[in-house]
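Each remark here refers to the structure printed beneath this line.
Remember, predicted model here, so these are calculated numbers, not experimental data.
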Amino acid sequence: AHYRLLRVWTAHLISQHWPWVEAVENALLERDTMSGGQIDEVIRSIDGERRRLEVQPLWDAVQAIRDLRTESGT
């Protein structure tokens with residue numbers, strides 16, 4: 001059930017916030033781990049706005065994308 005929910009949330013994030021997801025994914029490819037604050041900084045750097053963002057759902061979505069890519073071999 002959690003995996004299905006994560007897939008739905010990931011699809012929503014991709015459709016609504018793709019530039020954020022892509023920026024965080026690229027940052028994660030450069031390092032093994034990131035704190036919530038680091039993720040927030042990446043998002044604000046592309047967004048240009050000083051908004052407060054709950055980064056855990058975004059982190060979950062990026063991790064799900066990475067897992068799906070690993071499973072598919074891409």
Linking I/L/V/M/F/W/Y whenever any side-chain heavy atoms sit under 4.5 Å apart, do Val8 and Leu6 land together? no
Hphob cluster co-occupancy, Leu28 + Trp18, side-chain heavy atoms under 4.5 angstrom: yes
Can you pull out every salt bridge (charged side-chain N to carboxylate O under 4.0 Å, His left out) where at least one residue sits in residues 10-29? Sequence neighbours excluded, please. Glu25-Arg69
Ignoring hydrogens, what is the shortest heavy-atom contact between [X] and [Y]? Give both atom names and the distance.
X     : Y     : result
Arg31 : Met34 : CD-CG, 3.4 Å
Thr33 : Gln38 : O-OE1, 4.2 Å
Val24 : Ile39 : CG2-CG2, 3.8 Å

Quick one: pull up CD in Glu41 and CD1 in Ile43 and give me the separation to the nearest 0.5 Å. 10.0 Å
Set of residues satisfying side chain to side chain donor-acceptor pair (under 3.5 Å) with respect to Asp67, sequence neighbours excluded: Gln63
Are there more than 12 heavy atoms of other residues, nucleotides or ligands under 6.0 Å from atom CZ of Arg7? no
